[in-house]
Amino acid sequence: MSTTTKAPYLKLDHIHKSFVRGNSSTEVLSDINLSIADGEYVAIIGHSGCGKSTLLNIISGLTPVSKGAVLLENQEVNSPGPDRAVVFQNHSLLPWLTVYENVALAVNKVFGSRKSKAERDEWIRHNLALVHMTHALDKRPSEISGGMKQRVGIARALSMEPKILLLDEPFGALDALTRAHLQDSVMDIHSRLKNTMIMITHDVDEAVLLSDRIVMMTNGPAATIGEVLTVPLERPRRRLDLVEDGTYVHSRAAVIEFLYARHKAPSIAA
Amino acid sequence: MARTKLKMDQATVAPATLLTPAAPRGTTAKAEVIALQPAGDSMAIKNARRFGNWMLVSALPPLITTALLLLIWQIAFSGPGATLPPPTKVWAEANDLILQPFYWAGSQDIGLGWRVLTSLQRVAIGFGLAAIVGIAVGSLIGQSVWAMRGLDPVFQVLRTVPPLAWLPISLAAFRDANPSAIFVIFITAIWPIVINTAVGIRNIPMDYRNVAAVLRLNSIEFFFKVMLPSAAPYIFTGLRIGIGLSWLAIVAAEMLTGGVGIGFFIWDAWNSSRLPDIVVALLYIGLVGFVLDKLVGALGNIVTRGTAAS
């Protein structure tokens, strides 16, 4: 909307990605163009195997592009860094560290030279408080539930003060109730901190509920952006109010129509 | 080629499962705690019961089998033409070795405890060096594909060389018995440490590497904060196999190099036909080896307590 006037915060510029194995090369992503504004919440949705995780890994720098570039504030980024923190699908907490130590690892690395020891301690606790995990500071990941692990993963990512928060199917492995709870937490954090967030998902409701825009990917190989849907719902959004909201139902229908009518999952995909 | 290599790795790693009896024993220990105890018992009674239970479950069976073995041994070697001494004769002729492990009466007339300590000192140096070098080289092989391609075949050949085959060459190189014995320990213990460390490093989940990449950990931070803790269970399996091999090798090496040490004591006793002494020395070696294995195992359990369950 207003993004047309100022330079985009994050710009994906003609991104191609091919994986080469021996003599054969598979094109996974083809000509991805996307501009994201500061503070925007964007969901990327598509069927399994469409390359959406690859796209997120390209933005995070964990996977190099074959062609094209990722521009963050007009600077090309091509290696991973704490300015694009990732919330991994399976939490990826280090099991030998406690909840506190897992976040401390990130905070000490990113702010080791800029903040005093007391300030860092305060910052770690602040971020864990944001995801309501202060009661389990000294627990190890094996001692807490899946939802709690994902909360700590989010706290660790937030603690890096990233320019962009990348969420790779953050709630995919959780049960429905825990998932709803965490979605509310993420919405709350987004409204308070106003960070830019990009989330991979294959849950239509999740995408509509959380995002400002939904990027719908076509099926691979050579997947690309099929359509971008703006979700014009007012914030703060409340799950209960939206169930029968016309805009919500309409947006949801549009995504479902795209995914299941026009771009059906290839029969091989599980 | 690649397949056989993999098999070898697996063969070396496989004992990990064999070497962790801690888990099942932990469960029995739990069972003991749960064992029915009427409320209101005093601590002393509870402890006494627990001790009685432990005696019944853990201490009694090995005591019975030991007694049986001693009995069979006694019967088998009590005849007039027996080639080996029966337990009673061992006790009669060598009980001083058991009762006074730390007596000192001249440079070659010392208690077995001192000899074991001398051997342990050599093992400590040789095994310590093997642990440091082994973990470093193993990390290199685990991290770098080219280091693995270059070094792995060499190591797979070298690790099959029996410990004692190294002795003449190390004697020639060091021109002294003590460093030669230490070198034999080193070269014996290092292979399982290298190979297990390498497997552990190669098995570091991609997730941890991604976390390190996003945080931009440098290679030293990555080594200490991610690699070592993540590979620790594998490393300790290697260390445990390594300490066992060290203890096997030191006795053999000392037999040949002479000087003070439990190995040379056996050789000396054999040359002067003191068979009961040899039997006692074997007992010492077995017990010390057992304790060494348990020590490394316990250390591993402490260090890896968080890593095992993720």
Side-chain angles (χ1 to χ4, degrees), chain A residues 53 56-57 59-64 77-99 101-113 138-144 146 149 152-153 156-168 173, chain B residues 2 16 20 22-23 26-27 30 135 139 142-143 145 149 196-197 200-239 297-310:
Chain A
S53 281
L56 196 85
N57 284 343
I59 301 172
S60 69
L62 291 168
T63 304
V77 286
N78 45 24
S79 67
D83 55 344
R84 283 150 292 133
V86 186
V87 176
F88 296 95
Q89 180 174 11
N90 55 352
H91 66 79
S92 295
L93 299 178
L94 303 181
W96 55 88
L97 299 179
T98 62
V99 164
E101 288 165 341
N102 263 291
V103 180
L105 179 72
V107 170
N108 291 337
K109 177 63 188 171
V110 177
F111 298 106
S113 51
D138 296 321
K139 290 240 162 58
R140 284 172 200 281
S142 55
E143 297 166 326
I144 58 179
K149 283 181 212 172
V152 180
R156 177 174 66 184
L158 286 173
S159 75
M160 301 174 203
E161 261 187 353
K163 290 177 177 161
I164 294 188
L165 192 64
L166 304 169
L167 304 113
D168 186 2
Chain B
T20 39
T27 46
K30 232 180 239 163
I135 292 173
S139 306
Q143 270 297 78
V145 176
R149 285 180 190 159
N196 278 282
T197 305
I201 303 276
R202 247 177 279 161
N203 282 350
I204 295 176
M206 200 58 209
D207 300 329
Y208 302 171
R209 292 183 187 277
N210 285 344
V211 170
V214 168
L215 285 174
R216 292 204 177 128
L217 297 184
N218 62 39
S219 45
I220 293 169
E221 289 167 329
F222 181 65
F223 181 77
F224 284 106
K225 293 188 173 167
V226 178
M227 242 157 81
L228 276 190
S230 176
Y234 291 89
I235 294 175
F236 272 95
T237 301
L239 291 177
L299 188 66
N301 279 345
I302 294 170
V303 172
T304 62
R305 69 197 173 317
T307 324
S310 62

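We name chains A, B, ... by the order of the sequence lines, and we start the count at 1 in each one. Keep in mind that the numbers below use all heavy atoms, side chains included, and drop hydrogens, waters and symmetry copies.
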(message) With a 4.5 angstrom heavy-atom cut-off, is it the side chain or the backbone of A/L93 that approaches chain B, or both, or neither?
(response) backbone
(message) Using only non-hydrogen atoms and a strict under-4.5 angstrom cutoff, which residues of residues 84-92 of chain A touch chain B?
(response) A/R84, A/A85, A/V86, A/F88, A/N90, A/S92
(message) I need the residue from B/M206, B/R216, B/E221 with the largest number of non-hydrogen atom pairs under 4.5 Å to chain A.
(response) B/R216
(message) Show the nearest heavy-atom pair for residues B/P233 and B/S230, with the distance to one decimal.
(response) CD-O, 3.6 Å
(message) I need the minimum non-hydrogen distance between A/A106 and A/S159, along with the two atoms involved.
(response) CB-OG, 3.9 Å
(request) Side-chain contact test, heavy atoms from C-beta onward, threshold under 4.5 Å: evaluate it for A/V152 versus A/I144 and give yes or no. (result) yes
(request) Taking the side chain as every heavy atom from C-beta outward, state whether A/D83 and A/I164 have any atom pair closer than 4.5 Å. (result) no
(request) Not counting sequence neighbours, which residues clear side chain to side chain donor-acceptor pair (under 3.5 Å) with B/K225? List them please. (result) none
(request) Considering non-hydrogen atoms only, spot the tightest contact between B/N218 and A/K109 and give its length. (result) N-NZ, 4.3 Å
(message) Does any backbone or side-chain atom of A/T98 lie under 4.5 Å from a heavy atom of chain B? Answer side chain, backbone, both or neither.
(response) neither
(request) Report yes if the side chains of B/I235 and B/L228 come closer than 4.5 Å at any heavy-atom pair, otherwise no. (result) yes
